[in-house]
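See structure below.
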Amino acid sequence: MHPRAFEYVRASSVPEAVALLAKGGEDAKILAGGQSLIPLMKLRLAAPSLVIDIGHIPGLSGIREEGGFLRIGAMTRHREFESSPLIRERYPLLADAVKVLGDPQVRNLGTIGGSLVHADPAGDWGTALLALDTELVATGPAGDRSLSIDRFFEDPFTTALSPSELLTEIRIPKAPARSGGAYKKLKRKTGDFATVAVSARLLLGPEGKISEARVGIGAVAPVPFRSIHAEDSLKGRSPSDAAFGEAGRLASVDSQPGSDLHGSPDYKRAMVRVLTRRALETATERARM
Amino acid sequence: MTDSMERFLTGKGAFVADLDFPDLIHLKIVRSVYARAIVRSVKGGITAKDVKAYMSAVGEGGAGGTGPVAYPVLARDRVNYVGQPVAAVTGETAAEAEDLLDSVTVDYEPLKAVADPEAALRADPIHPGTKSNVFGEGQVGRRFEDPASPVVVEETLRNVRVVPNPLEPRGVVVRWDGRRLTVFASTQSVPSFQEGFCESLKLPKRAVRVIQMDTGGAFGSKGGIYPEYIVAAHVAMQRKRPVRWIETRQEHLQATEQGRGARARMRLFADREGHVLGLKGDLLIDGGAYSAGMADWSPRWIGMQTTGPYHIPKAHVTGRAVYTNKVPLGPYRGAGRPEAAFFIERMMDFLADEIRVDPVEVRLRNAVDAAFKSPTGLQVPPFKSFLEDAIRETGDRNRAPSGNVGFSAFVLVPAANSGEGARIAWRDGRIKVWLGGKPHGQGHEVFVRRLVSEELDVDPSLIDLEPSDTDALAKGVGSWGSRTAIVGGGAVIEAARKLKARVRQKGPYAAKKLLAGKYDVKVFYKPEGNFNSLGANLVAADLDEFGLVRVRDVVAYYDAGEVLNRPMLESQVAGGSAQGMGQVLSEGAWYDEEGQPLVGTIGDAGLLSATEMPTFVVKTAKTRSNTPHGAKGVGESPAIGVPPALVRAVERQAGHRLTETPLRPEVLVAPVKA
């Protein structure tokens with residue numbers, strides 16, 4: 001349980017980190033909270049020759065509403081979401097997600113940016129942000145570019161970032177009125193990754209009908225994904241057991257779960273149905289508040 | 001707070017990995033990545049050409065194997081499980097040794113592995129030169145004609161293998177001074193380790209000294225020696241430098257002997273009132289690649305206990321242990337006792353369902369007042385009055401809103417009759433006590449101090465339980481099998497009495513006289529008779545729509561004899577209950593068809609944490625044992641009683657028979673098709 005020898009550099013600015021990344025190429029890795037990278041290195045599943053620590057770059061963390069967006073620095077630790085009144089009051093979906101993410105030790109050190117870039121198919125933030133029309137800001141040698149969360153995850157543990165890009169910010173459009181979101185995670189016990197996770201965000205029209213729906217599904221496909229069939233089935237309908245049951249069915253059809261220690265594909269599909277229904281119910285309650 | 005608790009909680013424990021010497025060598029092991037393969041060649045590292053030794057039969061249930069089934073310390077021409085040691089490398093630092101693992105090249109020719117014990121019965125033998133994979137066969141009770149009973153309950157039951165997973169993995173530091181090996185070990189037994197090193201390395205007893213370091217849990221995995229220890233000794237002797245080998249958690253998940261791994265086909269014959277008329281059983285033990293641990297004697301040992309505390313007139317149980325391409329089976333908290341209890345207790349619940357009678361009532365109908373020996377050979381203490389008390393003491397079993405409660409009863413058979421050694425010396429202003437088995441998390445110093453101070457009438461703060469050391473006390477056994485309070489306690493009392501007798505040679509005994517003199521006595525205490533005791537558990541648990549279980553209450557009622565220290569007993573029961581819950585809810589050493597372990601990291605191992613813990617209520621019955629202090633065993637009781645009671649609590653909600661641990665969520669939810 002000892003990593004291979006590696007060079008460690010503490011970057012003091014984003015441009016410096018990007019330059020180091022460009023220089024290090026494939027053998028360089030960014031260290032944020034270290035909750036995935038360090039175990040991988042100790043298990044020798046990862047053996048970077050250069051580790052670039054971005055934990056001391058000023059301005060890379062923090063949660064604030066600004067210019068129509070909730071803006072989150074990539075180095076923001078999970079714990080900061082737990083203690084943020086803004087998240088608790090206005091973004092309950094994110095509050096749901098952080099509450100069931102890892103354990104207190106992981107939440108104290110782990111970061112939202114690190115978690116997204118690690119791109120575990122069962123990672124909580126990826127699934128959660130899919131329901132919130134999220135934009136991710138990547139900084140590379142040529143400056144910033146914005147990516148949609150919908151196209152961010154390409155394969156297990158693989159994102160759309162280029163090797164010389166650093167994820168620097170997460171932007172979520174401000175929660176509109178009469179909207180509500182929820183995140184539901186099935187895990188066997190405290191600290192586990194999700195067996196199945198579902199995020200849902202609903203926008204209710206003036207007559208109480210669903211005018212917009214987003215449903216994110218995690219842990220049951222190579223990458224977290226939106227169930228477009230479930231979303232389409234909800235539009236224009238009134239929130240109801242029948243509508244949510246149908247959405248759950250469609251979401252489970254869109255899933256491609258594998259068999260592992262968490263359960264069989266049939267079990268996981270059944271759980272997608274249950275969790276989708278539960279997430280939509282909670283999202284509706286919150287939209288009506 | 002006890003001394004050891006204070007030391008551990010303040011970071012002052014001294015574990016084997018804390019031990020350092022300036023010229024220490026770090027050892028790492030190259031392990032098989034195949035469950036079964038021919039080893040064509042090994043290039044680099046220390047190999048079987050250097051270490052020609054074989055494993056020996058030591059510790060609880062050891063059986064090394066000879067001839068074609070001998071267990072080599074480093075694999076010779078074949079590997080038989082994933083994780084089997086093939087070669088070793090050394091470094092000046094642990095990281096360097098780990099880097100060097102890649103310098104060894106092993107050329108394998110993979111063979112078809114036999115991972116499933118049922119398949120092993122039909123498959124070609126995994127060991128060339130043997131006729132079949134069956135290596136332990138036995139039967140208990142007498143064969144009988146199926147009675148013409150109106151009720152026959154049949155079921156196949158299974159306990160999947162479990163990884164011991166103590167907090168501290170295994171490890172040794174070995175030193176050689178040219179004449180003598182000194183082994184610093186995380187262990188349950190220094191005498192077993194000494195014997196194992198001597199046999200494997202063909203050294204005389206005087207050439208091996210074993211000293212126990214603080215030991216952070218064991219659960220059976222530290223009673224005997226392992227291949228890595230012998231490799232460490234070999235390197236220490238060759239290089240004349242101390243060698244350290246510390247197991248990683250990943251190695252533990254692959255290469256530490258696993259427990260349970262038993263299947264039973266059971267048939268219960270009964271009348272319509274639920275009186276059991278006969279029991280037939282057939283056991284199959286997933287023995288793993290070598291008969292290192294306890295598989296060979298498991299058929300008879302588990303079979304003997306399958307009648308439980310019930311008065312069953314006829315019983316016949318057969319069993320076989322088979323070789324499979326997995327790490328050998330070993331003792332794991334309870335070591336055969338929980339398996340037997342799971343099999344009979346599940347059958348009693350099924351019988352109750354079959355005749356639509358309350359399961360506790362069915363148990364009562366099969367309880368008798370007098371002690372007896374069951375047809376399989378189990379000594380059962382007077383059960384009926386105990387059961388009546390247990391029903392009352394564990395509370396209203398129907399108090400849960402949906403009746404989500406299970407109840408179990410069992411006989412604990414402690415490993416007491418082999419006895420234990422003790423030594424007491426008064427020197428340097430302290431009363432020093434040595435025991436054959438030192439604690440590996442239990443806090444034995446608490447009862448040692450109490451018993452010795454009461455016997456000698458001295459201030460308890462003068463008394464120390466010393467680390468186990470074969471030089472200090474050569475004759476001893478070890479700590480396992482719910483035995484230490486019984487025989488360790490008896491041994492220290494006998495030693496204290498011997499000490500008193502010495503003082504009395506100069507007139508009537510007085511503590512002052514003892515403290516004015518110089519004394520050092522050794523005894524070996526070997527009690528006669530039977531120390532079996534009864535236990536019962538009630539467990540309340542809820543099942544949700546995801547197939548997940550929340551355990552609410554675990555209530556224990558155990559005959560612990562004279563309780564030596566109640567807080568220590570209660571924490572034993574809480575810890576053991578958590579372990580039993582883990583076996584039921586999430587701990588399973590699953591393998592795929594190729595014999596590849598599916599549990600790769602601690603995150604997959606299914607260990608429960610504080611957030612999953614229920615409320616524990618611990619009550620005791622008091623029937624004195626025939627030791628001087630009247631104690632009985634308790635360490636394994638919760639691992640025996642909790643699993644069947646918990647499974648029953650869940651079963652009432654699942655609505656169909658539950659026959660296997662761990663319970664998989666997909667078995668517990670109503671099947672829903674997408």
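Everything numeric in this text was worked out from a predicted model, so none of it was measured. Numbers restart at 1 for each chain; the letters A, B, ... are given by sequence-line order, proteins then strands.
A/Lys189 places a side-chain heavy atom less than 4.5 Å from the side chain of B/Ser586. Proximity of B/Leu548 to A/Leu186: side-chain heavy atoms (C-beta onward) are separated by under 4.5 Å at one or more points. Inter-residue side-chain proximity for B/Phe546 and A/Val196 is flagged as unmet; no heavy-atom pair is nearer than 4.5 Å.
Classification of A/Arg44 and B/Asp102 as a salt-bridged pair fails, no side-chain N sitting under 4.0 Å from a carboxylate O.
Contact of B/Leu607 with chain A is made through the backbone alone, with heavy-atom distances under 4.5 Å. Heavy atoms closer than 4.5 Å to chain A are found nowhere in B/Val667, neither backbone nor side chain.
Taking every heavy atom of both residues into account, A/Asp192 and B/Gly603 meet most closely at OD1-O, 4.2 Å. The nearest pair of heavy atoms linking B/Asp604 to A/Leu261 is CB-CD1, 3.7 Å.
Taking a 6.0 Å sphere around CG of B/Leu167, one finds it holds 12 or fewer heavy atoms contributed by other residues, nucleotides or ligands.
Here the CG-OG distance, from B/Leu598 to A/Ser259, works out to 9.0 Å after rounding to the nearest 0.5 Å. The structure places NZ of A/Lys42 at 10.0 Å from CD of B/Glu98, a figure rounded to the nearest 0.5 Å. To the nearest 0.5 Å, the span separating NE2 on A/His2 from NE2 on B/His26 amounts to 8.0 Å.
Using modelled atom types, no side-chain atom of B/Gln250 and backbone atom of A/Leu43 make a donor-acceptor pair closer than 3.5 Å. With hydrogens and angles disregarded, no donor-acceptor distance shorter than 3.5 Å links the side chain of B/Glu666 to the backbone of A/Asp266. With hydrogens and angles disregarded, a donor-acceptor distance shorter than 3.5 Å links the side chain of A/Arg188 to the backbone of B/Leu585.
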Inset, instruction - Apply salt bridge (charged side-chain N to carboxylate O under 4.0 Å, His left out) to B/Glu545 and A/Arg278, showing your working. - result: CA-CA 11 Å; B/Glu545 62 182 331; A/Arg278 299 280 172 259; 2.7 Å; yes
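A search for salt bridge (charged side-chain N to carboxylate O under 4.0 Å, His left out) contacts involving B/Asp544 returns nothing, not counting sequence neighbours.
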